[in-house]
Amino acid sequence: MSNILKKVLQLVVGEPNTLPLLTMPKNRPLKRMTERELLQLESEIGATLFGDVPAGNRREFFCLDEKTWIWHEQGKNPKTGKVEGQTIRYEVHDKGILKVQEGARYSFIEGEELRNLVAATTMYYERVAREIYQRDPHTGQKLV
Amino acid sequence: MENLTTFNDQDRIDLHAASQRVASPAVGRERAIEAEAKMLAEQKKRTEEFLRTEQGRIGELGRLLKTYRQEEAIDALVTKKDEFQGEYELSA
């Protein structure tokens, strides 16, 4: 589990991070899991939505709650050789989606960036609903 | 002859008593129902308008995901942990 997800989960759930790395179970029914384990599974799907992750890099993308989505990518800077990470929090507000970056940078996203986020969250929802929660994404009903 | 210019006790203005006699303005039951229905319709319209926006759509997806997650999660479902210990035990 990456540091950012650990930190976020620790903040949300408040438990120590002692869980083994989970992998997507095949041939569900899924064993009963905690919210943080489910969130981790969701994030594994979220990480695949933006194409291949370069070797040695780590990516996270997940829906923390109904008002917050987190994107994080971490990798080695080819120039400095140092591991660097970037975290972006997208907050759902009445007037738009607020993008919050490190260094107290805030902006409401628009145009192509907003369309891309809508596409990513929609794909995330459809895959997570089907693959983790076994639900029809359109009706919300359990798949048989 | 009666002196009409002099106030007596009966002429005193009792503000407290006067305020008790005046009923508060009240709308009829039908109007109250009508106003509530109008308020709910406006609220519904605002919600529908919000859901048509990008932020509304993303927010709705997040709401659904959170609902699914909470329905699936053992720590959200189980209140008497010991009672369900066997059923919900995780594999190593």
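Lettering follows sequence order; numbering is per chain, from 1. What you see below is based on every heavy atom in this structure, not just the backbone, and it leaves out hydrogens, waters and symmetry mates.
Taken together through direct or relayed side-chain contacts under 4.5 Å among Ile, Leu, Val, Met, Phe, Trp and Tyr, A:Leu143 and A:Leu41 form parts of separate hydrophobic clusters. Criterion: ILVMFWY side-chain heavy atoms under 4.5 Å apart, direct or through other members. Under it, A:Val53 and A:Ile88 are not part of a common hydrophobic cluster. When hydrophobic clusters are built by joining Ile, Leu, Val, Met, Phe, Trp and Tyr residues whose side-chain heavy atoms come closer than 4.5 Å, directly or via intermediates, A:Ile70 is not grouped with A:Val100. Tracing side-chain contacts under 4.5 Å through hydrophobic residues (I, L, V, M, F, W, Y), one never reaches A:Tyr90 starting from A:Leu98; they form parts of separate clusters. Linking Ile, Leu, Val, Met, Phe, Trp and Tyr whenever their side-chain heavy atoms come within less than 4.5 Å puts A:Trp71 and A:Met123 in one cluster.
Atom CG of residue B:Leu61 and atom OG1 of residue A:Thr121 lie 5.0 Å apart, to the nearest 0.5 angstrom. Atoms CG and CG, from B:Leu65 and A:Leu64 in turn, are 11.5 Å apart once rounded to the nearest 0.5 Å. Interatomic distance, B:Lys66 NZ to A:Leu38 CG, rounded to the nearest 0.5 Å: 14.0 Å.
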Exercise. Would B:Glu72 and A:Met33 satisfy side chain to side chain contact (heavy atoms under 4.5 Å, CB included), going step by step from the backbone distance to the final call?
Worked result: CA-CA 7 Å; B:Glu72 190 80 28; A:Met33 292 184 173; over 6 Å; no

Problem set entry | side chain to side chain contact (heavy atoms under 4.5 Å, CB included) between A:Tyr133 and B:Thr67, intermediate numbers included | CA-CA 10 Å; A:Tyr133 301 115; B:Thr67 303; over 6 Å; no

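In the displayed structure, A:Glu84 atom CD is contacted under 6.0 Å by more than 12 heavy atoms of other residues, nucleotides or ligands. A 6.0 Å sphere centred on CG of A:Asp52 holds no more than 12 heavy atoms belonging to other residues, nucleotides or ligands. Other residues, nucleotides and ligands contribute at most 12 non-hydrogen atoms within 6.0 Å of the CD atom of A:Glu110. Around atom CD of B:Glu36, no more than 12 heavy atoms belonging to other residues, nucleotides or ligands sit under 6.0 Å away.
Proximity to chain A is limited to the side chain of B:Arg57, based on heavy atoms less than 4.5 angstrom apart. Heavy atoms closer than 4.5 Å to chain B are found in the side chain of A:Tyr124, but not in its backbone. If you measure heavy-atom distances from A:Val128 to chain B, the contacts under 4.5 Å come from the side chain alone. For B:Tyr68, the parts lying near chain A are the backbone and the side chain together; criterion is any non-hydrogen pair under 4.5 Å. Residue contact with chain B, scored on non-hydrogen atoms closer than 4.5 Å, is absent for A:Glu91.
Chosen from A:Thr122, A:Thr68, A:Leu117, A:Leu114, the residue pairing most often with chain B at heavy-atom distances under 4.5 Å is A:Leu114. Among the candidates A:Glu42, A:Lys95, A:Arg115, A:Lys67, the residue making the largest number of heavy-atom pairs closer than 4.5 Å to chain B is A:Glu42.
Residues B:Arg69 and A:Cys63 share a closest heavy-atom pair of NH2-O, 2.6 Å.
Between the side chain of B:Gln55 and the backbone N or O of A:Asp94, at least one donor-acceptor pair lies under 3.5 Å.
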